[in-house]
Each structure stands twice: as C-alpha cells, then as structure tokens.
Amino acid sequence: MSTSSDSIVHISDLTFAWTRKSDPIMNISEFSMARGERIFLHGPSGSGKTTFLSLLAAVLRPQRGSIIVDDVQVDSLKHGNRDQFRVDKIGVVFQQFNLLPFLSVSENVQLPCRFSKQRRAAVLNTGRSLSEETDRLLDAMQLPIADIKHKQVTQLSVGQQQRVAVARALIGTPPLVIADEPTSALDRDTRQAFLNLLFKEVEASKSSLLFVSHEKSLASAFDRDMDLRSINNTDLPDTLNGALR
Ligand SMILES: Nc1ncnc2c1ncn2[C@@H]1O[C@H](COP(=O)(O)OP(=O)(O)OP(=O)(O)O)[C@@H](O)[C@H]1O
Ligand SMILES: [Mg+2]
C-alpha cells in the first residue's frame, strides 16, 4: 500500500453527507493517486464527481475520515488555512470556470501567484517574469494573446474562457491539477488537441492530473480510467441507479 509521501492524494475511511440528517453520498474506504499520475474520472450526473473534487480541494469537509494531499492533512485544516492550502497546492478548473469578470484575461491567469508565494516563486524560478509565463501559457492553450490578454474575460467565447481557466490552474506548477469537465465547451476536434496541450504542461511541471469528464473517448490517453462508483460505496438514489440500468 502506498503512503502519503509517494501519493499525491491519499484518502481513507471517508464519509461525506450534505447535512447531519441526510444520508452520506460518499463513503470511500481507500483511494490513492500516485505522484505524476493522470486520472480520468467519470460517473453519471449527480454521482458526486464535483463533490469529490471539492473535498480534495478543502472546499467541503468530510464528516469522517482522512484526506491527505501532498502530505497536508486536508480534513483537519482550520478554516482560515484552507484557501491558502488550495492556492498553494492545487490548480483548479471549476465546472463553472470561476473567472473574475472584473479582471482582464492576464490578471485572471496570474491570480494564483498573487495569493501564493510558492506559485509566484515557481514561475520566477523558470527565469521568466509573471507576464512572460502568462503569455507562454495562453499561447500553449492556443489563445491569440495579443488579441485577448487585456480583454475582460466576459468578452471571450466560452471555449476561450475554459482555456484561460486552465492556464490559471497551471501557472506556478501546483503539484495537483483538478479539472471539472474542462472540455465541455470545446468541439470534438479541438478536445483532443486541448488534452495534448494540457498533458504536455502537467508533464513538464510533474503535476498530477485529476480530470472529470463525460467524454469517454478521451479516457484512453490517461494512466487510469476510474468510475467514481468503483471507489464510492454509497448507494445512489434509486432513481439514479434505475437510470443506469
Ligand atoms: N450544495 C449542495 N447541497 C446539497 N446537495 C448537493 C449540493 N451540490 C450537489 N448536491 C447533491 O450531491 C450529489 C452529487 O452532486 P455532484 O455535483 O457532486 O455530482 P456530479 O457527479 O458532479 O454531477 P455532474 O456530472 O452533473 O456535474 C447530487 O445528488 C446533488 O444533488
Ligand atoms: Mg459535476
């Protein structure tokens, strides 16, 4: 069995319910993700994929159990330390991107470096300035830099916003990148190209990648293709189980 130091993520005996009175929707006895591993996570709508990512990112707290991310005991982090943990350790692409509409594209990409000394230092250690690294990432995401970098994010197409969100997740090489359906707004042809770009970046930074998607055709490119239900021992609501049969 792997230990926390050779795993980027280690979960044991985890239980999560939305309220004290409701039934748990997550019961995970054991889950490990190796450093550098790329996991494709799938499961039907409502099966808990976003909830699972939120637990890893210390957005939600489990009722019971242990969550370790990059040797940090996430479940016992004090409220005030959770935001710092997240910005230092995790590059996050939310299902709803969460770009800040009042900031420009470049400012959005650089946001993690404003709040994380570690990520700022990681950029500067490459010999590039923040602005050079921002341009490099936007270019790697095949976005037309000159055209968009000073625009408000609301002036971009949804597919472009999704790629800006990925550039923001990657800046400063966080050890774990979690992405919640980052390709949903991209057409079929650009999805695979986008994935190749993402893989190239996480490989260069030796980051681990946990990637949620309904797009099963992408799964084979990953190290592991995992259905959340294979680690989550909670009975889904009858309606959902019924829908799956
Ligand atoms: N804020 C919330 N409060 C209470 N219940 C919630 C909340 N967010 C989600 N749920 C419930 O938790 C379950 C898991 O939801 P979750 O969003 O994690 O699913 P998902 O697998 O990400 O689905 P999708 O593929 O549609 O994004 C669902 O039954 C959902 O109704
Ligand atoms: Mg979801």
Side-chain angles (χ1 to χ4, degrees), residues 9-33 37-67 69 74-75 77 79 82-83 85-86 90-99 158-159 161-166 168-169 174 176-188 191 194-195 198 208-222 224-245:
V9 177
H10 187 84
I11 292 176
S12 52
D13 296 323
L14 176 138
T15 299
F16 174 78
W18 281 106
T19 63
R20 267 188 215 149
K21 288 183 179 167
S22 60
D23 291 333
I25 65 150
M26 209 146 283
N27 261 316
I28 299 177
S29 51
E30 182 92 28
F31 168 74
S32 277
M33 178 176 189
E37 192 176 11
R38 296 168 306 189
I39 297 183
F40 181 89
L41 179 66
H42 64 98
S45 180
S47 62
K49 303 178 297 297
T50 298
T51 307
F52 180 66
L53 297 187
S54 305
L55 285 160
L56 291 182
V59 174
L60 296 172
R61 207 169 184 177
Q63 273 76 12
R64 196 170 68 91
S66 158
I67 303 176
V69 174
V74 178
D75 51 278
L77 280 176
H79 205 273
R82 293 199 215 164
D83 291 345
F85 153 78
R86 188 176 317 117
I90 308 185
V92 187
V93 185
F94 293 100
Q95 204 162 4
Q96 322 287 350
F97 325 148
N98 287 21
L99 296 172
V158 176
Q161 289 183 38
Q162 216 156 30
R163 283 176 285 159
V164 170
V166 172
R168 185 180 63 179
L176 177 63
V177 175
I178 61 181
D180 204 348
E181 302 196 40
T183 56
S184 58
L186 304 179
D187 61 68
R188 192 178 284 262
R191 267 188 207 132
F194 166 87
L195 198 60
L198 180 57
S208 313
L209 175 65
L210 186 53
F211 185 99
V212 169
S213 176
H214 291 282
E215 206 52 48
K216 294 292 275 295
S217 62
L218 299 175
S220 61
F222 287 75
R224 188 170 9 156
D225 175 7
M226 186 175 87
D227 189 325
L228 182 60
R229 292 168 297 175
S230 71
I231 57 164
N232 184 16
N233 303 315
T234 308
D235 286 336
L236 292 171
D238 284 348
T239 45
L240 198 47
N241 270 328
L244 299 173
R245 274 189 212 113

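Atoms within each ligand, like the ligands themselves, are counted from 1 in listed order.
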(message) So does Asp227 get a backbone contact from the side chain of Asn232, meaning a donor-acceptor N/O pair under 3.5 Å?
(response) no
(request) Under 4.0 Å from a heavy atom of Pro44: give me the atoms of ligand 1 that qualify, with their elements. (result) 21 (O)
(message) Donor-acceptor pair, distance only, cut-off 3.5 Å: does the side chain of Thr183 make one with the backbone of Leu186?
(response) no
(request) May I ask you to list the atoms of ligand 1 that are less than 4.0 angstrom from any heavy atom of Glu181? (result) 25 (O), 27 (O)
(request) Using a 4.0 Å heavy-atom cut-off, say whether Ile25 meets ligand 1 through its side chain, its backbone, both or neither. (result) side chain
(request) Would you mind reporting whether Val93 and Arg168 have side-chain heavy atoms less than 4.5 Å apart? (result) no
(message) Using heavy-atom distances only, which candidate in Ser22, Ser213, Gly46 approaches atom 28 (C) of ligand 1 most closely?
(response) Gly46
(message) Any nitrogen or oxygen of Gly43 lying under 3.5 Å from a nitrogen or oxygen in ligand 1? Just yes or no.
(response) no
(message) Using only atom types and a distance under 3.5 Å, with no angle test, would you say the side chain of Lys49 pairs donor to acceptor with the backbone of Gly43?
(response) yes
(request) Return yes if a side-chain donor-acceptor contact under 3.5 Å exists between Ser54 and Thr51, otherwise no. (result) no
(message) Can you confirm whether His10 sits close enough to Val69 that some side-chain heavy atom of one is under 4.5 Å from a side-chain heavy atom of the other?
(response) no
(message) Under 4.0 Å, heavy-atom basis, I'd like to know which part of Ser54 is in contact with ligand 1: side chain, backbone, both or neither.
(response) neither
(request) Keeping the roles fixed (side chain from Arg86, backbone from Ala57), state whether a donor-acceptor pair exists under 3.5 Å. (result) yes
(request) Return the number of protein N, O or S atoms with a distance to the Mg ion (ligand 2) smaller than 2.8 Å. (result) 2
(request) Could you tell me which atoms of ligand 1, counted from 1 in the order shown, lie closer than 4.0 angstrom to a heavy atom of Gly48? (result) 14 (C), 16 (P), 18 (O), 19 (O), 20 (P), 21 (O)
